[in-house]
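Heads up: the structure comes next, in structure tokens.
Indexing begins at 1, ligand by ligand and atom by atom, following the structure's order.
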Amino acid sequence: MKMLFYAAKVYDKKSFGLILEQFPEIEIEYIDHELEPRTAALAKGYDAICAFVSANVGAETLQTLYDCGVKIVLMRCAGFNNVDVDKAKELGMIVKRVPGYSPESVAELAMGLALAVNRRLYKAYNKVRENDYSLKGLRGVNFYQKTAGIVGTGKIGAAMCRICRGFGMRVIAYDVYENPALKDFVEYVSLDELLAQSDLISLHCPLMDSTYHMINLENIKKMKDGVILVNTSRGALVDTNELIEGIRMRKFLGVGLDVYEEETGNVYEDRSDDIMEHSVTARLLAFPNVMITSHQGFYTMEALAAIAETTLQNLMDAKEGTRNGNDVA
Ligand code: NAI
């Protein structure tokens with residue numbers, strides 16, 4: 001089974017290389033190129049391709065892959081908002097993903113961002129390095145006995161609920177389905193109630209039509225003054241321009257983002273020498289209470305190992321026609 005691995009990074013080669021010998025039937029070729037309509041044709045002669053969060057797995061890409069004889073698409077991530085699922089089904093292609101590789105890896109980063117923006121750790125770090133031992137601009141709040149509002153209580157949201165409980169917070173949540181595993185300590189409320197009551201709001205629902213721009217100005221106005229917002233899920237859950245308006249209204253104590261709307265094109269690239277033509281992100285970064293990381297929620301040793309193993313198992317399952325919870329199409 002030959003698999004073409006798009007947008008391969010050094011860490012991918014390491015984590016997949018470590019587990020590959022357990023899958024002797026699989027042969028992997030790694031390439032730097034991102035998967036998009038133009039590069040899909042490179043997959044001619046392969047049985048499967050492997051892609052990540054910033055790939056364009058839209059209709060045109062899928063059609064080209066299909067025309068090249070590729071019938072298996074393996075997403076080495078949990079989210080699949082960048083896959084045209086209807087088109088894949090229409091073509092009869094198999095698309096699999098890695099739904100729950102390590103929920104704690106993302107949830108722990110979400111709490112890390114919450115703490116970092118609350119206590120301005122990014123500022124504190126730089127101040128001390130420059131012999132500035134003053135406390136100006138560093139005052140935060142306790143999380144203990146405050147309210148954490150978790151939007152989406154699937155695998156990652158549930159891990160975040162447990163972390164917040166560990167901090168001694170009251171935990172409330174909004175989801176279209178209630179997670180029975182959390183019923184002992186999480187109170188489910190409506191989205192409006194969550195927005196109105198939370199001191200920390202953390203987003204853990206998928207990006208879909210119904211969740212696109214769920215954090216917009218109308219909803220920001222419903223939040224408490226001095227709220228902390230964290231998004232480690234998908235950038236477009238938040239309307240960036242309206243978030244900027246909310247920040248200017250002094251709504252937020254802090255905003256921590258591992259994902260943001262403009263991230264495609266930036267993710268895992270060194271663009272430090274580029275002059276950005278239009279960058280809403282740059283405007284966001286100008287605020288002292290915003291911290292942005294570049295989609296690193298999944299980036300722990302444990303998560304990478306689980307992603308590699310599940311992706312290769314997904315390929316074996318696809319070959320054998322085994323369907324399970326990892327199937328997108
Ligand atoms: P999951 O599928 O286990 O949980 C998602 C939860 O969101 C479910 O409980 C679902 O009912 C809920 N939900 C669906 N529609 C909703 C709505 N309209 N309002 C509120 N809740 C809604 O997914 P998991 O594994 O917890 O991942 C969550 C998201 O985290 C993924 O969709 C992905 O976008 C993101 N992610 C980010 C990573 C990073 O590196 N920053 C890594 C992995 C995932």
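At a heavy-atom distance under 4.0 Å, only side-chain atoms of Val106, from C-beta outward, approach ligand 1. Here Lys155 has heavy atoms under 4.0 Å from ligand 1 in both its backbone and its side chain. Of the heavy atoms in Tyr212, none comes closer than 4.0 Å to ligand 1. Contacts between Asp258 and ligand 1, counted as non-hydrogen atom pairs separated by less than 4.0 Å, involve the side chain only. With a heavy-atom cut-off of 4.0 Å, Pro99 touches ligand 1 through its backbone alone.
Counting only heavy atoms of the protein, atom 33 (C) of ligand 1 lies nearest to Arg234 NH1, 3.6 Å. Counting only heavy atoms of the protein, atom 22 (C) of ligand 1 lies nearest to Cys205 CB, 3.5 Å. With respect to atom 31 (C) of ligand 1, the closest heavy atom belonging to the protein is Ser233 OG, 4.1 Å. At the top of the distance list for atom 7 (O) of ligand 1, counting protein heavy atoms only, stands Pro206 CD, 3.2 Å. The single protein non-hydrogen atom nearest to atom 16 (C) of ligand 1 is Val176 CG2, 3.8 Å, given as residue, atom name and distance. Protein heavy atom closest to atom 8 (C) of ligand 1, with residue, atom name and distance, is Asp175 OD2, 3.5 Å. Nearest to atom 37 (C) of ligand 1 among the protein's heavy atoms is Thr232 O, 3.1 Å. Residue, atom and distance of the protein heavy atom nearest to atom 28 (C) of ligand 1 are His204 O, 3.3 Å.
In summary, the atoms of ligand 1 found under 4.0 Å from a heavy atom of Thr211, numbered by their order in the structure, are 17 (C), 18 (N). For ligand 1, the atoms sitting less than 4.0 Å from at least one non-hydrogen atom of Gly152 are 7 (O), 21 (N), numbered in the order shown with element in parentheses. For ligand 1 and Thr153, the ligand atoms under 4.0 Å from any heavy atom of the residue are 9 (O). Every atom of ligand 1 is numbered from 1 in the order shown, and the set under 4.0 Å from a heavy atom of Tyr177 is 11 (O). Counting the atoms of ligand 1 from 1 in the order shown, those under 4.0 Å from a heavy atom of Met208 are 14 (C), 15 (N). Contact atoms of ligand 1 toward Phe298: 40 (O) (distance under 4.0 Å to a heavy atom of the residue).
Checking only distances, Ile156 does come within under 3.5 Å of ligand 1, N or O to N or O. Of the polar atoms of Val151, none of the N or O atoms is found under 3.5 Å from an N or O of ligand 1, judged by distance alone. In terms of polar-atom proximity, defined here as any N/O pair under 3.5 Å, Gln296 makes no such contact with ligand 1. Residue contacts with ligand 1: Gly154 is placed with a nitrogen or oxygen under 3.5 Å of a nitrogen or oxygen of the ligand (distance criterion only).
Note on ligand 1: Leu207 sits outside its first shell, no heavy atom being nearer than 4.0 Å. At least one heavy atom of Tyr101 sits closer than 4.0 Å to an atom of ligand 1. Heavy atoms of Gly100 stay at 4.0 angstrom or farther from ligand 1.
With 3.5 Å as the limit, one finds no donor-acceptor pair spanning the side chains of Ser102 and Glu302. Side-chain contact annotation: Asp192 with Ser190, donor-acceptor N/O pair under 3.5 Å absent.
For the ring pair (Phe, Tyr, Trp, His ring centres under 6.0 Å) condition, no pair includes a residue of residues 196-215, sequence neighbours left out. For residues 46-105, the set of pairs meeting the ring pair (Phe, Tyr, Trp, His ring centres under 6.0 Å) definition, not counting sequence neighbours, comprises Phe52-Tyr268, Phe52-Phe298.
Salt bridge annotation for Glu90-Lys87: present, with a cationic side-chain nitrogen under 4.0 angstrom from a carboxylate oxygen. Salt-bridge check for Asp199 with Lys224: passed, with a basic side-chain N closer than 4.0 Å to an acidic carboxylate O. Salt bridge absent: Glu193 and Lys222 never bring a charged side-chain N and a carboxylate O closer than 4.0 Å. For Arg271 and Glu269, the salt-bridge test fails: no basic side-chain N is under 4.0 Å from an acidic carboxylate O.
A side-chain contact (heavy atoms from CB on, under 4.5 Å) with Phe252 holds for exactly one of Ile201, Ile228, Ile220; it is Ile220. Of the options Lys96, Arg97, Lys89, a salt bridge (Lys or Arg N to Asp or Glu O under 4.0 Å) to Asp327 is made by Lys96 and by none of the others. Screening Val117, Leu229, Val141 against Leu253 for a side-chain contact (heavy atoms from CB on, under 4.5 Å) leaves a single residue, Val141.
The number of heavy atoms from other shown groups lying within 6.0 Å of CE (Met301) does not exceed 12. Annotation: Arg250, atom CZ; neighbour count of heavy atoms from other residues, nucleotides and ligands within 6.0 Å does not exceed 12. Shown here is Glu60, whose CD atom has no more than 12 heavy atoms of other residues, nucleotides or ligands within 6.0 Å.
When ring centroids are compared, Tyr30 and Phe16 stay outside the 6.0 Å threshold.
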